Asker: 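Questions regarding the structure given below will be posed in turn.
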Amino acid sequence: MPNNPPNEGLVTVLPKRLLPWFDAHNRTELPWRRPETTPWGVLVSEVMSQQTPVSRVAPLWEAWMERWPSPADVADAAGPDILTMWGRLGYPRRAMRLRECAQAIAEKHGNEVPRDLDELRALPGIGVYTAAAVAVFAYGHRHPVVDTNVRRVVARLSGKPDSGTATSQADLDACEALLPEDQATAARLSIALMELGSLVCKAREADCASCPVVDVCGFAYQDIPEGPSRKRQKYTGTNRHVRGNIIELLRQKAPRPRSEIDLAWKDAAMVNEALAQLLHEGLVETDETGLFQLGA
DNA sequence: AAAGCGTGGGT
DNA sequence: TACCCAAGCTT
């Protein structure tokens, strides 16, 4: 009896079960899954989806890609246009970083999204997850792609509670150990794992009854205590709330005088603080006459 | 390395 | 009503 590593079975079973399941349940209506989508389109979809539900991203991605199809198009766009187009997706700094990313690709990579994981990781706004997602989903490479869905799925498969914290090297290793050797199969499995977490093995409630790998899962038949959940952040009444209101005001109409910025929040001191930050970060600026507008 | 960064839908 | 959750990244 060979002493196989514990994941040997799963490595064989997962593709056999998950790939057919994915063929049947893959959300092909997500616009970036159309076959003609470029690597840049994939990258944009991933950045927009950072901490934002894909249902809200989809329509915006369509409009964005139609207006600015390539990195060079985004690189040349004006700041106020970028921020207005981004709309209410949230975390507007992502939009500005996406433009920086586009500029780097246009200037240093010949307007082509790099294939190499480290080159991707070096781009503004691209972290470990997004770099892997682009390398795998756009180029079909073999890397662990670990977002909150995959982290949860992999943890549950092995019968452990999801850490609920930021992805660790151990999470990456655990995922990598589940990938088959064949590149194309590994890439397909990576999307399937994420889709399973998104549609079936959900955070609040795992729908084990409709799971294609329920019989090999360490979670399904056990009472796994939930791990410490990620620390939740307040929004109502916080600095972020004020910042959001100010940016929204300027998306609606700009330029505006300071007196109208003060309408964003009843606490003037909080407006002062938030506005100072936004000016410092370049999300807001003043024109020659001292009126406020979205940053260039 | 913990904290900060938007927004909205579901329960 | 609150709270949870959503394809994370940066400093």
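Lettering follows sequence order; numbering is per chain, from 1. This structure is a prediction, so every number in the text was calculated from the model and none was measured.
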Asker: Looking for any heavy atom pair under 4.0 Å, which part of the strands does A:T238 touch: base, sugar-phosphate only, or nothing?
Answerer: nothing
Asker: Hey, is the side chain of A:Q51 poking within less than 4.0 Å of OP1 or OP2 on C:dG8, counting only N and O atoms?
Answerer: yes
Asker: Answer yes or no: side-chain N or O of A:T52 and base N or O of B:dG6 forming a donor-acceptor pair under 3.5 Å.
Answerer: yes
Asker: Measure from CZ on A:R94 to P on B:dG4 and round the result to the nearest Å.
Answerer: 19 Å
Asker: Taking atom P in both B:dG4 and C:dA7, what distance in whole Å separates the two?
Answerer: 24 Å
Asker: Do A:R56 side-chain and B:dT7 base share a donor-acceptor contact under 3.5 Å?
Answerer: yes
Asker: In this structure, how many angstroms lie between the P atom of B:dG8 and the CG atom of A:L89, rounded?
Answerer: 10 Å
Asker: Map A:L123 and A:V54 onto DNA chain C by nearest heavy atom, then report which one ends up closer to the 5' terminus.
Answerer: A:V54
Asker: Whether the side chain of A:R204 and the base of C:dC4 hold a donor-acceptor pair under 3.5 Å is what I'd like checked.
Answerer: yes
Asker: For A:R152 and C:dG8, give me the distance from atom CZ to atom C1', rounded to whole Å.
Answerer: 15 Å
Asker: Counting the atoms with a prime plus P, OP1 and OP2 as sugar-phosphate, which does A:Q233 contact under 4.0 Å by heavy atoms, base, sugar-phosphate, or nothing?
Answerer: base
Asker: For B:dG4, does either OP1 or OP2 sit under 4.0 Å from a side-chain N or O belonging to A:N239?
Answerer: no
Asker: Under 4.5 Å between any side-chain heavy atoms of A:L117 and A:V128, yes or no?
Answerer: no
Asker: How many whole angstroms separate atom CG of A:L120 from atom C1' of C:dG8?
Answerer: 16 Å
Asker: Taking the inter-plane angle between the rings of A:H241 and A:Y235 on a 0 to 90° scale, is it parallel (under 30°), tilted (30 to 60°) or perpendicular (over 60°)?
Answerer: parallel
Asker: Nearest heavy atom decides the nucleotide; on that basis, is A:R97 or A:N245 closer to the 5' end of DNA chain B?
Answerer: A:R97
Asker: Please work out if A:W61 contacts a base, only the sugar-phosphate, or nothing of the nucleic acid, heavy-atom cut-off 4.0 Å.
Answerer: nothing
Asker: Report which part of the nucleic acid A:V128 touches: base, sugar-phosphate, or nothing (heavy-atom distance under 4.0 Å, all strands).
Answerer: sugar-phosphate
Asker: Within the 4.0 Å heavy-atom criterion, would you say A:R251 contacts the bases, only the backbone, or no part of the nucleic acid?
Answerer: sugar-phosphate
Asker: What is the nucleic acid contact for A:Q277, judged by heavy atoms within less than 4.0 Å: base, sugar-phosphate only, or nothing?
Answerer: sugar-phosphate
Asker: In whole Å, what is the span from the CD1 atom of A:I126 to the C1' atom of C:dT10?
Answerer: 13 Å
Asker: Going by the side-chain contact (heavy atoms from CB on, under 4.5 Å) test, name the single residue among A:W64, A:Y91, A:W32 that passes it with A:M48.
Answerer: A:W64
Asker: Has the side chain of A:R240 got a donor or acceptor that lies under 3.5 Å from a partner of the other kind on the base of B:dG6?
Answerer: yes
Asker: I need the A:E46 CD to A:Y129 OH distance, nearest 0.5 Å.
Answerer: 3.5 Å
Asker: Looking at the side chain of A:Y91, which of C:dA7, B:dT7, B:dC5 is the nearest nucleotide?
Answerer: B:dC5
Asker: Which of these, A:L199, A:V200, A:L18, sits in a side-chain contact (heavy atoms from CB on, under 4.5 Å) with A:C211?
Answerer: A:V200
